[in-house]
Peer 1: 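The structure under discussion is supplied below as structure tokens; questions concerning it will follow.
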Amino acid sequence: MEDKRIQAAIAGLLHDVGKLAQRASDEPTRAPQDTLDEKQPVHAAYSIRWIEQELLKKHEHYRKLALPGAYHHRPHTYTNTGADSALVWAVALADKLSAGERDD
């Protein structure tokens with residue numbers, strides 16, 4: 001159980017890391033060209049890009065924890081094998097609850 005909590009904490013901490021890169025970009029309302037296939041919201045596309053291009057270059061062992069959080073707006077599109085699909089959905093739910101959103 002403790003491992004699951006740590007995994008969820010890491011995924012949750014990294015889920016919006018792309019907002020930093022998005023806000024620093026010249027075109028913050030557009031997703032990076034190399035992420036358009038992901039069909040994610042702009043900040044999530046930046047998160048996926050940063051995680052894959054920066055974090056995982058040096059820390060590949062974090063793949064199963066870092067990427068699931070980045071798919072929090074479209075968890076059904078996360079197809080990376082080896083990751084706990086429940087983690088993707090847990091981050092999505094936590095994000096909605098923390099933002100006060102309600103999902104039908």
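Position 1 is the first residue of the sequence, and the numbers go up from there.
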Peer 1: Less than 4.5 Å apart, any side-chain heavy atom of L55 and any of V17?
Peer 2: no

Peer 1: What distance separates I48 CD1 from Q40 CD, expressed to the nearest 0.5 Å?
Peer 2: 4.5 Å

Peer 1: According to side chain to side chain contact (heavy atoms under 4.5 Å, CB included), who are the partners of L56, at least two apart in sequence or on a separate chain?
Peer 2: I51, E52, E60, Y62, R63, L67

Peer 1: Quick check: do D95 and H73 have side-chain heavy atoms less than 4.5 Å from each other?
Peer 2: yes

Peer 1: What residues form a ring-ring contact (aromatic ring centres under 6.0 Å, His included) with H76, not counting sequence neighbours?
Peer 2: none

Peer 1: Apart from Y46 itself, what residues make up its hydrophobic cluster when side-chain heavy atoms of I, L, V, M, F, W and Y under 4.5 Å apart count as a link, directly or indirectly?
Peer 2: V42

Peer 1: With sequence neighbours excluded, what pairs up with Q22 under the side chain to side chain donor-acceptor pair (under 3.5 Å) test?
Peer 2: none

Peer 1: Who pairs with Y71 by ring-ring contact (aromatic ring centres under 6.0 Å, His included), at least two apart in sequence or on another chain?
Peer 2: Y78

Peer 1: Applying side chain to side chain donor-acceptor pair (under 3.5 Å), name anything that partners Q33, two or more places apart in sequence or on another chain.
Peer 2: none

Peer 1: From L93 CG over to L97 CG, what is the distance, rounded to the nearest 0.5 angstrom?
Peer 2: 4.5 Å

Peer 1: Indicate the atoms forming the closest heavy-atom contact of A70 with A44, along with that distance.
Peer 2: O-CB, 3.5 Å

Peer 1: Which residues satisfy the ring-ring contact (aromatic ring centres under 6.0 Å, His included) test with H72, sequence neighbours excluded?
Peer 2: H15, H43

Peer 1: Looking only at non-hydrogen atoms, find the nearest pair between P75 and V88 and report the distance.
Peer 2: CB-CG1, 3.3 Å

Peer 1: State, to 0.1 Å, how close V91 and A11 come at their nearest heavy-atom pair, and which atoms those are.
Peer 2: CG2-CB, 3.7 Å

Peer 1: Pairs in or reaching into residues 14-34: which pass salt bridge (charged side-chain N to carboxylate O under 4.0 Å, His left out), with residues at least two apart or in two chains?
Peer 2: D16-K19, E27-R30, D34-R49

Peer 1: Taking side chain to side chain contact (heavy atoms under 4.5 Å, CB included) as the definition, give me every residue that meets it alongside L20, ordered by chain and number, with sequence neighbours left out.
Peer 2: none

Peer 1: Compare every heavy atom of A45 with every heavy atom of A31, then report the nearest pair and how far apart it is.
Peer 2: CB-CB, 3.9 Å

